Enquirer: 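Have a look at this one before I ask anything.
Computed over heavy atoms, backbone and side chain alike; hydrogens, waters and symmetry mates excluded. Counting convention: from 1, in listed order, for ligands and their atoms alike. Just so you know, these numbers come straight off a predicted model, no measurement behind them.
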Amino acid sequence: MTAYTLFGAEVSYYTGKARAYLRWRGVQFTEQLATQEVYRDIILPNVGWPVIPVVKTPDGQIIQDTGDIISHIEATEGREPSVWPETPLLRFVSELLHLYGDEWLVIPAMHYRWSYNEDWAYAEFGALSAPQLSPEEQYEVGKKNGARFKGALPVLGVNETTIPGIEKSYEAFLDEFSAHLDTHPFILGHRTTLADFALFGPLYAHLYRDPKSGELMKRVAPRVADWVERVEGGERGDETVPHEDTVHDTLIPILKRQMREQLPALLATTIQFREWAAKAEIGQRVPRGLGEIMIEIEGCRTKAAARSFPLWRLQGALDVYHGMDEETRARADSLLEAIGGADLSTLDYPRLKRENSQLVLA
Ligand SMILES: N[C@@H](CCC(=O)N[C@@H](CS)C(=O)NCC(=O)O)C(=O)O
């Protein structure tokens, strides 16, 4: 067998990200629906918990986590251009946006799905896990399976108090992203990179494909909907020109938004993580939730879980930052200063690593 297999679903956030990357990468792959049987026979025995997407490589390895999938394929296929921009400052920015797309835009993505598309989501979940059943039976199955996903809303801090802030922030983000797309076809400029796949995660399955969310996006941000369609369609942009190592001005408002909203949550999470790590052993599995933090979105404050996974994506960004030469780091520091992210330059917390599809203390 020479092809990769992607186990996932159209309705799934991170499957959308993995699929768009695989298409762009141009490797041979087939997609298999993550039915109940696939969870039972492939995902649970290999990954240990029910999660998609999962990729089976041509040599039979099973990989979970879209970041691990992308890194593995980039390393083993060695194709050009790399999914990462070739210049260091933009590589850092692509990792920051990876952190934002995966771990913060999940908040509006989950809110809009479950506040405006609940019944549709149940039908989709049912059709995915039991394609052989009637639509009515699928709805019932979907309702049972969907409860676990809807249950993530309080974990993320989506509630009556924060919904006005989440909607205000998401619509402002759409305006900011539209303004960027007025002058640049892709996030870092002229070609598709990791940053596009990262933002495609939330912006495709939940915020474009869910009917009510898609209506909103097409109405208020047709350029963003067009970008979703272009990334989905595998558009690559111009790969003959290398990136200049500068961050386009039109990205600054998006990065500022990220730092304003996500950075305080990350900093609060590192405090909980340090406390946990002080009592833990090297190699110990890190719990998905470390305690509680306060988050704030457009003036709306609430409690949310201190999720550990964002610290892994953040470590990826910080590793790029710490690997920079002095001249680049000075430019990165000016950027961080300009976007309100200066705290990142001195941030330090115990290292994490991945083992058997889990986060462990390194
Ligand atoms: N970091 C993981 C996240 C995967 C993820 O959260 N997938 C969702 C579906 S889109 C899921 O299966 N969640 C189950 C859960 O969180 O319990 C990745 O990038 O692959």
Side-chain angles (χ1 to χ4, degrees), residues 4 6-22 31-36 38-40 42-44 46-56 62-74 83 95 97-114 117 121-122 124-125 128-129 142 144-156 158 194-195 197-210 213 285-289 304-305 307-317 352-360:
Y4 292 84
L6 172 66
F7 298 98
E10 274 279 309
V11 73
S12 142
Y13 189 122
Y14 300 92
T15 302
K17 173 187 171 197
R19 183 191 307 112
Y21 163 75
L22 286 163
E31 184 164 343
Q32 207 174 310
L33 204 56
T35 57
Q36 277 161 340
V38 166
Y39 272 100
R40 187 192 61 209
I42 293 166
I43 300 176
L44 289 175
N46 287 289
V47 178
W49 58 292
V51 61
I52 51 174
V54 166
V55 158
K56 185 170 178 196
I62 298 283
I63 309 179
Q64 202 298 301
D65 180 56
T66 47
D68 290 358
I69 292 166
I70 291 173
S71 298
H72 177 90
I73 295 178
E74 287 297 291
V83 74
E95 292 295 352
L97 292 173
H98 196 186
L99 169 68
Y100 187 49
D102 270 22
E103 303 297 337
W104 195 255
L105 291 178
V106 63
I107 296 172
M110 291 294 279
H111 157 58
Y112 282 95
R113 167 159 295 170
W114 294 107
N117 299 276
Y122 290 144
E124 287 281 297
F125 276 84
L128 139 73
S129 48
K144 224 165 71 204
N145 294 352
R148 189 162 67 88
F149 291 89
K150 191 178 174 193
L153 294 179
V155 172
L156 293 169
V158 180
L194 174 70
F197 302 122
L199 295 201
F200 186 79
L203 293 175
Y204 173 65
H206 290 232
L207 292 165
Y208 171 89
R209 188 174 172 273
D210 286 0
S213 317
R285 194 173 147 192
V286 185
R288 292 182 79 187
R307 293 177 295 121
S308 57
F309 200 82
L311 298 186
W312 169 246
R313 289 277 184 266
L314 176 59
Q315 180 174 296
L352 293 156
K353 66 176 182 177
R354 300 273 298 162
E355 228 170 60
N356 302 324
S357 304
Q358 309 286 352
L359 273 190
V360 302

Enquirer: Applying the side chain to side chain contact (heavy atoms under 4.5 Å, CB included) criterion to L156, which one of E103, R307, H111 satisfies it?
Expert: R307
Enquirer: Quick one: pull up CG in L352 and CG in L359 and give me the separation to the nearest 0.5 Å.
Expert: 5.5 Å
Enquirer: List in chain and number order the residues that pass side-chain contact (heavy atoms from CB on, under 4.5 Å) with K150, two or more places apart in sequence or in another chain; answer none if no residue qualifies.
Expert: W114, E118, Y122, L153
Enquirer: Around ligand 1, what residues show up once you keep those with a heavy atom under 4.0 Å from it?
Expert: S12, Y13, Y14, W49, P50, V51, I52, P53, Q64, D65, T66, R148, F149, R288, F309, R313
Enquirer: Does E124 pair with R209 as a salt bridge, N-O distance under 4.0 Å?
Expert: yes
Enquirer: Any side-chain heavy atom of V38 within less than 4.5 Å of one from L33?
Expert: no
Enquirer: Specify whether F197 and Y21 have parallel, tilted or perpendicular ring planes, treating 30° as the upper limit for parallel and 60° as the lower limit for perpendicular.
Expert: perpendicular
